[in-house]
Amino acid sequence: MDVSHLLDPLNEAQRRAVTAEDRHVLVLAGAGSGKTRVLIHRLAWLIQVEHVSPLGVLAVTFTNKAAGEMRERASQLLQVSTRPLWIGTFHGIAHRLLRMHWKEAGLPEAFQILDSEDQQRLLRRIIREEGMDEAHWPARQAQWFINARKDEGERPRHIEHGDHPVTATWVRIYERYEDYCNRGGLVDFAELLLRAHELWLEQPAVLDHYRRRLQHLLIDEFQDTNAIQYAWLRMLAGDTGRVFVVGDDDQSIYGWRGARVENVQHFMRDFPDVATVRLEQNYRSTGTILEAANALISHNQGRMGKKLWTEGPEGHPVQLYAAYNEQDEARFVVEQIRQWIDEGRRADEAAILYRTTAQSRLFEEYLLRESIPYRVYGGLRFFERVEIKDALAYLRLLLNPDDDAAFERVVNKPTRAIGDKTVSLLRAQARESGIPLWQAAGACIDQKLLAARAANAVQGFIDLLTGMHERMRDWTLGNQMQGVIDDSKLASHYEKEPPERMETRLENLRELVNAADAFVLPPEDADAGLSELQSFLSHAALEAGETQGEQWDDCVQLMTLHSAKGLEFPLVFIAGMEDGLFPHQRSIEESGGRLEEERRLCYVGMTRAREQLCLSYAEVRRMHGSESHSRPSRFIDEMPSSLLREIRPRVSAERPYVPARPSAPKRSGGGFKGQEWPFRLGQAVTHRKFGEGTVLAFEGSGEHTRVQVNFDAAGVKWLVLAYAHLEAR
DNA sequence: TCCATTGACGTTTTT
DNA sequence: CGTCAATGGA
């Protein structure tokens with residue numbers, strides 16, 4: 001067997017990982033070290049060299065994007081159909097298992113997936129029904145509590161609340177929530193994983209079947225696994241399975257949502273015969289960027305240890321810009337991007353990364369002003385839009401009328417005279433009898449519990465859905481979708497919105513019909529016994545689709561540091577490098593490794609850059625309405641200053657900067673007018689607080705102009721001219 | 001039932 | 001400061 005196509009493109013460490021004969025393999029793959037390549041080549045190695053049946057391999061990722069990429073690249077390398085391979089996300093695989101074994105898992109055949117918004121709505125309703133104060137018991141927090149418990153594998157009965165009243169209350173909500181979900185056949189994301197784990201625990205025959213079949217398990221982004229995923233994996237591996245995991249403890253940035261970096265270390269303890277391979281050669285960034293990143297991350301304790309290196313060029317120093325305020329920062333970044341583009345580079349080679357989503361606003365503003373196209377990651381996705389979810393809710397009810405989440409969503413949308421009062425009555429009835437709303441609605445009418453008008457309206461809704469159900473039974477998915485939109489008269493509900501918004505909503509609905517039309521039942525879903533409709537709805541929940549915006553347009557990329565993981569750009573800006581913002585204040589205050597996770601986040605951000613990395617911070621930033629002064633991020637101090645180059649605006653005393661858009665200083669009396677500098681270099685000045693000094697330099701423009709003064713008593717300081725109130729002597 | 005005003009809140013997010 | 005959701009009057 002000629003294996004050169006599998007091994008030639010690999011370096012020595014990668015080769016060792018791909019060809020390892022040890023039972024288990026742990027690949028510590030640094031950023032940009034070719035971990036996906038190793039995973040794919042291992043997969044191909046197993047099949048082509050070790051002659052493992054494709055049916056015996058399970059490859060697990062965290063995102064649909066990664067799963068898609070893996071399947072794509074695997075089919076290229078293998079040159080055969082990848083259909084028999086199990087490649088998917090943890091959730092996708094759990095979902096598939098539950099579909100195939102719904103009986104053993106104790107689920108109804110037509111169970112539905114609740115996305116996180118559905119889950120929150122349901123919880124809000126439960127909290128209200130319990131007569132609790134929503135301000136004190138926010139649904140968001142209940143959701144957080146329940147998901148965290150489920151991520152740890154805990155049901156309400158497992159939770160020790162002792163005499164802690166707050167925990168006891170959340171446990172009660174958790175129980176009530178479970179009742180609702182069980183009654184309606186609803187499964188949230190965390191539940192998919194938990195049920196899949198319980199399937200292993202409670203159905204030894206099922207577990208045994210998969211243990212025999214899936215002898216090779218490949219796991220990507222292992223540092224992101226949570227407790228339940230790890231437990232699930234361990235059980236599946238059993239005594240004979242072979243596990244190949246790829247991860248990077250230095251890139252673990254999701255601890256706050258249950259990911260356990262410790263799993264990387266536990267892996268060596270819990271699994272026997274683990275070969276550890278480090279991938280440290282980096283194919284992405286310049287030597288300088290890597291050196292700075294290595295220095296930063298070395299401040300973390302208890303790492304597995306890894307040092308990135310490259311054969312490539314050293315590259316430029318890391319730029320550091322000390323902005324006066326956040327406007328100045330945005331102006332600077334956009335100016336740099338303008339230059340980059342003027343030099344003939346593409347806009348989509350540049351990315352602006354920030355810690356919090358709110359920071360994107362200013363950059364958007366300045367990019368807009370400069371007419372530079374941009375794209376912000378992380379907005380609402382297609383299947384999360386209200387109009388899409390409304391339309392899908394009708395379909396969900398057709399499939400499973402017990403789906404209370406869907407019922408509540410559309411029972412009065414468009415308005416059909418089923419007001420709050422009527423719905424409350426239905427809820428009370430449902431709760432009393434422990435039945436879904438749909439059945440309660442029927443019961444209320446039969447028992448004449450509703451006023452004539454309300455009864456009529458509710459009957460109308462029931463008739464509408466039963467009518468749809470009977471008429472559309474044999475229609476194609478696309479026609480069903482269109483039929484539901486037409487019959488429900490959903491469009492009329494959006495008519496009251498501003499015309500522009502309505503237009504996009506209607507357009508999205510047309511797009512939804514197109515998507516339904518184009519939908520092909522995936523073979524693995526067919527195998528699991530899913531109907532086209534079931535499969536379509538599950539896909540809508542499990543992969544909510546791309547965020548808006550065309551990826552291939554030539555756009556500057558704006559995103560949080562978190563969503564940048566896995567991506568790379570020639571030019572990267574990390575903005576807001578201030579203590580309190582990044583690292584975030586809450587991470588500084590809280591204990592439990594939060595600060596180290598922030599440092600890893602910074603490391604992730606830095607290692608996104610191929611050619612040029614630019615860090616910036618603002619000395620003054622308006623946050624929550626008030627101005628805050630902060631120190632530059634401690635992370636900057638953790639990088640060798642020899643690798644950094646401080647950038648100052650290109651302003652000199654000889655050729656004064658003429659602002660493109662002259663603006664008067666906001667406060668009167670402080671600034672200077674026109675192009676005239678109020679002071680000469682070397683001018684002796686007096687400051688209210690710092691006393692006497694000498695002007696050393698100017699920088700910045702307009703109201704942001706700063707002046708450097710050597711004070712006799714206070715030393716050298718940069719001051720904002722507009723606020724400094726300096727007087728010439 | 002709808003719109004406007006008020007008030008609370010202000011990490012990070014995929015499935 | 002800016003956003004979003006909840007509330008209350010018309």
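Chain letters run A, B, ... following the sequence lines, proteins first, then strands; residues in each count from 1.
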Inset, instruction - Please list, chain by chain and in numerical order, all residues satisfying ring pair (Phe, Tyr, Trp, His ring centres under 6.0 Å) with A:Phe90, sequence neighbours excluded. - result: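 Once residues adjacent in sequence are excluded, the partners of A:Phe90 under the ring pair (Phe, Tyr, Trp, His ring centres under 6.0 Å) criterion are A:Phe62.
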Legend entry - For A:His584, all residues meeting ring pair (Phe, Tyr, Trp, His ring centres under 6.0 Å), sequence neighbours excluded: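 If we apply the ring pair (Phe, Tyr, Trp, His ring centres under 6.0 Å) test to A:His584, skipping adjacent residues, there are no hits.
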Quick one: side chain to side chain donor-acceptor pair (under 3.5 Å) partners of [X], sequence neighbours excluded?
X	answer
A:Gln143	A:Gln119
A:Glu568	A:Arg284, A:Arg610
A:Asn300	A:Arg599
A:Thr225	A:Asn263

Please tabulate, one pair per line, each protein N/O and nucleotide N/O from nucleotides 6-11 of chain B that are separated by under 3.5 Å, including the distance.
residue, atom, partner, partner atom, Å
B:dG10, N3, A:His624, ND1, 3.2
B:dT11, OP1, A:Arg586, NH1, 3.1
B:dT11, OP2, A:His584, NE2, 3.4

Nucleotide N/O to protein N/O under 3.5 Å, stretch nucleotides 8-10 of chain C:
none

Inset, instruction - Name all pairs fulfilling the salt bridge (charged side-chain N to carboxylate O under 4.0 Å, His left out) condition that reach into residues 250-259 of chain A, sequence neighbours left out, sorted by first residue then second. - result: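 Of all non-adjacent pairs touching residues 250-259 of chain A, those that pass salt bridge (charged side-chain N to carboxylate O under 4.0 Å, His left out) are A:Asp250-A:Arg303, A:Asp250-A:Lys306.
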Legend entry - Residues which pass salt bridge (Lys or Arg N to Asp or Glu O under 4.0 Å) with A:Asp390, listed by chain and number, not counting sequence neighbours: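 A:Asp390 satisfies salt bridge (Lys or Arg N to Asp or Glu O under 4.0 Å) with A:Arg409, A:Lys413 only.
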Inset, instruction - Apply salt bridge (Lys or Arg N to Asp or Glu O under 4.0 Å) to A:Arg260 and list each qualifying residue two or more places apart in sequence or on a separate chain. - result: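 With sequence neighbours excluded, A:Arg260 shows a salt bridge (Lys or Arg N to Asp or Glu O under 4.0 Å) to A:Glu152, given in chain and number order.
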Every protein N/O lying under 3.5 Å from an N/O of nucleotides 2-4 of chain B:
residue, atom, partner, partner atom, Å
B:dC2, OP1, A:Lys496, NZ, 3.4

